[in-house]
Each structure stands twice: as structure tokens, then as C-alpha cells.
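Convention: sequence-line order gives letters A, B, ...; per-chain numbering from 1.
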Amino acid sequence: MFVSTVGPLDAKIMLVGEAPGETEDRLGKPFVGPAGKTLDRILMEAGISRHECLIANVARERPPGNKISHYFEDSKCTMPKPQMKEWLKILQNEIETYRPNVVVALGGTALWALTGMKGIKNFRGTIVESSLVPGVKVVATYHPQKVNYEWSLLFPTVMDMRKSLRESDSPTIPIDRRELIIASKRQQWEDYLRECLDKQHEWKIAIDLEAYHGHTSWVGISHDKDFAMSVQVLDSDGYPVMNENDELAFWQLLGAVLTSDIKQIYHNAGYDVSQLWYTHGILCKNVWMDTLIGAHACWPEIERNLGFLASICLNVPAWKHTSAGFTKGMYNAEDAANTRGIADVIDTELDKAGVRHTYDSEMSQIEPAEFMQLNGVAIDPEIKERLVKENTDRLDLIENGLSELLKKEINFKSPKQLQELLYLDLGLPTQYKRRRSKYDERKVTTDAEALNKLYRETKHPVLRLILEHRKVTKLLDTFLNIEVTESGKVHTSYNIAGTDTGRWSSSRSIIIPSGSGNLQNIPYEARKMYVPPPGYKIIQADYKQAEAVIVAYLINDVRLKQMFQDSFGKSKKYCEENKLDVHKLTASLMYAIEFDEVTKELRKIGKVLRHSSNYSAGPAVVARELGTTMTDAKKQLDLYHAMCPMLRIWHKKVQEQLQKNRTLITPLGRKRVFMDRWGDTLFRSAYAFIPQSTVGDLLNKALVHFYKTWKHTAMILWLQLHDAMYICVPEQDDERMWMQRMLNSMLHDLTIDYETFQIDVDFKVGHSWGTLEEYDYYA
DNA sequence: GATTTTACGTA
DNA sequence: CGTACGTAAAATCT
């Protein structure tokens, strides 16, 4: 059925979709099916009333199989067939007749029809002039149906809709007033940098560095969102473009600016500031804002690259496509100007959203995080060589064993070849990946969980060997055969804005690329080669059962809280003598037996259940962890929840809170708005959020305090591992003294439901990361 | 050559 | 129907 345009003819906003779906086809109206429902949600969140909008589709009839390509000659949908040409004419006429102030292109097809541009991902959120009806303003965003499939797109789509609402005030297309000086001449950058010095008490400047293989190639500078200058240092082959004198003058002058009082803005200050210090000896004095961290504090769940932030904070055209080749200088200048513009928006948003304290706290983490990145961690070359040899030998044995069993050469790292081997050649029962929802598609897998299950069922020796092969190659490929720097170290970049929870993430350092990159997932075996500097020893301090303590207070588990309090600051021996063992307590309550009757096996059950229940894991996970049947796991779970009904009550409470405003606030004041689709996945991340985030924030607070207090001593901040910090101190120093100092920073009051408590700390000491020994500080 | 998928390491 | 991450190698896309 032909679906015509609906809505008031004097509408200021016109929405243009792609083509009618099944429901639209049946009812003859646009956006009345599932996509219409999502459109309503988007409009509601943007504060737009559907009845005030003209609503249309580019194609007026439903294509077979809902495939828009049906109306095009080519698969890329750029050459319309005659029918589509006719519909374009209709759309053109309607826009010319009704003249809405803004036309919103919903999805790629509408974007193409209205502007001739392809690629909705790059152009969404930008304001462009229509080519179909010149002079008419178009804002592009995702199609609601796409949001349906990929719920994380809801936020940008809502932001685009809000922009459209603002733009619907008038038909005027905003003019891009930016003045960008690309690859500036010496006179230009000299004048500009001197002006920065003159205005150091008035201006805030954004700085952006581009690098070529670790060397700075461009520097972008901007004091105003409509002005930026880029300075080229290296050409695209990595050769200097300035003569020695000019380059020296440039770095000196830039150094003078960055060590003046001028307020500086960066997008990921950690990188630029470290690079400036490490390769140019410039120690930036006054970092006023980091737009990456600012955006993280405001919107922890969204994408945070500059292009995306600009699309929601500013009215500038997309510029990512200029990042390669001869337009690099343009890209660099736009980065700087847009960073400058975004900073003002975020500065306002931080207060509006009430997250300034989170932002400040994260900003204070830059220095210790960057210290650790630049300082690095030493690798003992002999231990490394030994580990590589041991595991290479082991791999040889495994491969010999496999070739004897199989007599067919296959690549055991190839999931495809393994599937063929196991499920076709050997005829083993096909295993499928565990699904997050019963609506997910069933996928064949050969992962460890599947192979273990197959081994339990069939005892086929090849499975054992494949599992071992996987373990050893993973260890060798990712963790042992790593590049170290000339000084025998590895470096990691700690990413303060790396997670949705406030925990840090860790990844390959761009400044000093080395090691396996991520230092937060090194397996125990490989940790043996990570060593302190000569003459130093390692002290590890980690929060004791941190997340379990937080959960106990969140759900108000009186018995558990009492146990944590009773064991606080006590030695291992004392806890044993006084029956202070969480997992034994759990088991004794579950089975209604005396504490002393709890066997090792029952304690294990208690431990697994507490842990998995805290994150609302299901019977499948419990069965796997305990190696039992699903039926048995279900029984254990029922026992656990009968013993601890508060947990489900708390889960209900979290759901109610989400219903209210989709916002959770942790005991340390971190705020997160959950934008996922309503359902179990959303609930699970919400349950996990508060304990995970609180522990992460607690540790980072402690780490900053400790670093500030002791950075001027011989102490070296060594590693951060979510709930643990590692330091290195001189061999002859008293370790108890350092432990006391760590305690001073780490023991910190937390308040949940008007009850104040602390989380205790465990220590380890040693001379390699893999051989640390427990140190009972309270003994 | 770039991007996505699979598998797996940590807290 | 644990969640939170990052990386290597294979697989797939363009």
C-alpha cells in the first residue's frame, strides 16, 4: 500500500525515514510498527511531540524482504530505479511546499536522498544543506529500527533529535565560522604562541598532538572554538620539515606557553602531557580540562572519541575523513578547535549533571597513572627465556602427542579447522556457545568450556591435548614472547576513562610500545618474570574480599557485616581460632549445620554460591563452577537464597531505582545512567556496578593519596590492579613501615544506608610478581 | 589492508 | 542468560 506523508503541514520539523515496514504497509501510515514505537521513545526523550512533526519515508511502498536495495540499480544504493526517482520527486515537492525549518534524515537512505551523502555513522549529528531542496537544513541521525537492533545508539539518536529541536527554531543553516591555519609558517606560530603568553591569564588553549611512530608530527593549538592553528613537525615519511633552528625555537616557545599560567585543555591529557614530557622535556603546568575525562564523568556509557563528542556538543561538520594523508594538518587543527569548543560544553555539563567531584577525582589520577606508564616494569631476561623455553618444549610434546593421535596436520589455533576435526572427523556431539538470551542465535563453538564438557562426557584424549595446546600457545603468543625496551622494561597505558564503572583499564602504550600491552590480565605463570628494580622489593596491598563486603552492606546482611567487623585488623590465626570465615559461615547457614562441621567441599560450595549469587549468576554457571548437574546447582541456589533472602530484595530495590530514573549512585558518589534496553542484561550490569565501581574508586583514591604523600621518596609506584596497588621500595627499608603508610592511604570510611565501615587490606612481599608471599601484618 | 569474530587472560 | 576490560590469530569483508 502507498504510504503517504502525515502530520501538520506547517510543521517546523519533518522526519524522513527509509521505507514502510510490514505494519506501515498494512495501515498505510509511516512509523506505526516497532520502529514507530522506538521513534516515540526517542522523540519523548528529546522533548519533541510526534504530532507536531511531518513524517514521511523516502520509499513509499514496502520493498520485498524490507530490502531497500530493491529500488536501486546497484548494491551500494546510489543509482535509483525509475520508481525511486519518482518518489524522490514527491519528497522534493513536499519539502518545497511545506518548507519545514529542519528535515531530520532517519538513517542512511534518507541521508542519501536528502543530501547525496553516504555513511550515516560519519555524518549523523551534523547539520548540512539539502541537495534535494537547496537552502533547506538537514540533520542526520540513525533510523529508529537500527536503534532497535543496537540499543547503544539510543543516546546519540536522542542527542541528534535534541539538536534538531534546537535547529527547528529557524530555517537558517549555521555558518561554519572557523578560521583554521594549516601548517602555519614560522611567523604565524611565533605570533600566536607569543599572544598565548600575553593572554595567559585570560585564555584557555586546547593542544592536540599527532604522532608518527611515537614521534610528534603535528601540534594543533586553539584558544577559541572558531580558531586553530596546526604546526607541522614531521612529514608523512617521518622526516623533519623545519630547519633545526626553527624547530628548536618552536619547542622552546611552546614550552614557555605550556609552563606559563595559561589554562590548558586536552582530549586525553595523559597522552599529550606524557608525550610532551617524555620526548620534548616540557612539563605542562596547568591542565585545566581533559575532555575525555570530562565526558567520562558526564556520560560514562557513551563513545568518547572527539568526533562523537563534537557531534553531540557542537555544530561542526564531520572531519574524521581528513585524518589520513595530506589533510592531516587540517585534521589536527580541527581536533584542537573542536576540543576547545567541547571543553566549554562539558564544563557546564559537569555542574548540570552534578558530577564535578567525579571529574576532579579522575583528574587527580592522571599524574600517578602517567608516572607508572613512563616508569614501566622491568622484565628479568633470564626468567623470560626460561619460561619461553619450558613452554616451547611443552608445546612440542603436545604437538607430538596430537600428531600421533590424529595423523593429520591442522592448525589448532583455527576455530574453523577445530570444528571440522571435532564435529565432523571425530563425530563428537556439536557444542554450542552459551547464549545471553534464548532469542540469540545458536553458535557452534570449540571454546574451553565446550571442550571440557566434551572431555567429561567422552574422555577423548585429543580434547585434553587441544586444551593444553590452547593454554600454552596463549601463554607464549600473548604473555611470554613479548618485546621489551632497550632497558629491559615493559610499559602500559593506564586508561582512567577506560571503563563504565570508574575502574581503570590498561592497554598498549603509544608512547613506549612494549610488553603485552594490557598489564591487568597477566597470568600467574608469566608474572614470574616481572621484577622490581635492582636493590628493591615489591609490596602488594589489596582490599580483602572487597566486593563481598560492599554487597553485605548493600543488602544489609547483619551476620556477614558482623563477621567482617570482627575480623577487621585481625591476624589469620585469630580469625581461624574465632571461626571468622565467610564461606564456612555461608555453608553452615545453608545446610543448618555447626560451623565446625563444614567440610572443605561444603566450604567450596558456600564460596562459589556467594560469589555467583552476588552477581545474580544462574544455575548453569554454578553447575560449571562446582562440576555438578543443573538440577543440583538449582537446589544449591535455592538453599542459598532461602538463607540469604536479602539479596533478591536488594535486586528488586535496584530495579525500582532504575525504573525511577535509570540512575545509580555509588557510595563514593559516582553516577551512572543506564541506557540499555530494559531487561535482565541491564539489571545484571546494574547489580555489578555499585560494588565494582566502589572498590575501583576506593583503590584509585588511595593510590592518588599514597602517591602524593610519598612520591618524593625512593618509593616507586609499580602496578594498579583494580583492587590492589603494588609499590617497590628499597631492600633495606622496613616493609612494615611501608605497609602502615599504605594502610593510612587505603583505609577509608565508606557509608551505606547511614552505616560507616572500612574494607581491610592484605599484604604480600617478594622479589618477583609471580612469587610474592603473604605477609600477615596483624600477626 | 581493514574490520569482525573467536577465544582467553585478569579483577 | 555474572560484568568489567584488552590482545592475538583467524576469518571475513571490501
| remark: Expected list for residues 662-669 of chain A near DNA chain C, using heavy atoms below 4.0 Å, is none
| A/T492: what forms a side chain to side chain contact (heavy atoms under 4.5 Å, CB included) with it, not counting sequence neighbours? | A/Y494, A/S506, A/L519
| With sugar-phosphate meaning primed atoms plus P, OP1 and OP2, does A/N614 contact a base, only sugar-phosphate, or nothing at under 4.0 Å between heavy atoms? | nothing
| note | With the side chain defined as heavy atoms from C-beta on, A/K413 is closest, among C/dA9, C/dG6, C/dG2, to C/dA9
| note | residues 674-685 of chain A vs side chain to side chain donor-acceptor pair (under 3.5 Å), sequence neighbours excluded, gives A/S616-A/R684
| CD/A/E420 to OG1/A/T446 distance, rounded to the nearest 0.5 angstrom? | 12.0 Å
| request: Summarise protein proximity over nucleotides 1-11 of chain B in one line of letters, 5' to 3': B for base, S for sugar-phosphate only, - for none, counting protein heavy atoms closer than 4.0 Å. | output: -----SSBBSB
| Between C/dG6 and A/S505, is there an OP1 or OP2 to side-chain N/O distance shorter than 4.0 Å? | yes
| said: Salt bridge or not between A/K408 and A/D425? Use side-chain N to carboxylate O under 4.0 Å. | reply: yes
| said: With a 4.0 Å limit, can you tell me whether A/N411 has a side-chain N or O closer than that to the phosphate oxygens OP1/OP2 of C/dA10? | reply: yes
| task | Specify the closest pair of heavy atoms between A/N614 and A/A548, including all atoms of both residues, with the distance to one decimal. | result | ND2-CA, 4.2 Å
| query | Between A/R610 and A/T586, does any side-chain donor sit less than 3.5 Å from a side-chain acceptor? | reply | yes
Short heteroatom pairs, N/O only, protein and nucleotides 12-14 of chain C, under 3.5 Å:
none

| message | Taking Watson-Crick (N1-N3 plus N6-O4 or O6-N4) and G-U wobble (N1-O2, O6-N3), each under 3.5 Å, can you produce the dot-bracket string of DNA chain C? Use [ ] for crossing pairs and | for inter-strand ones. | response | ..|||||||||||.
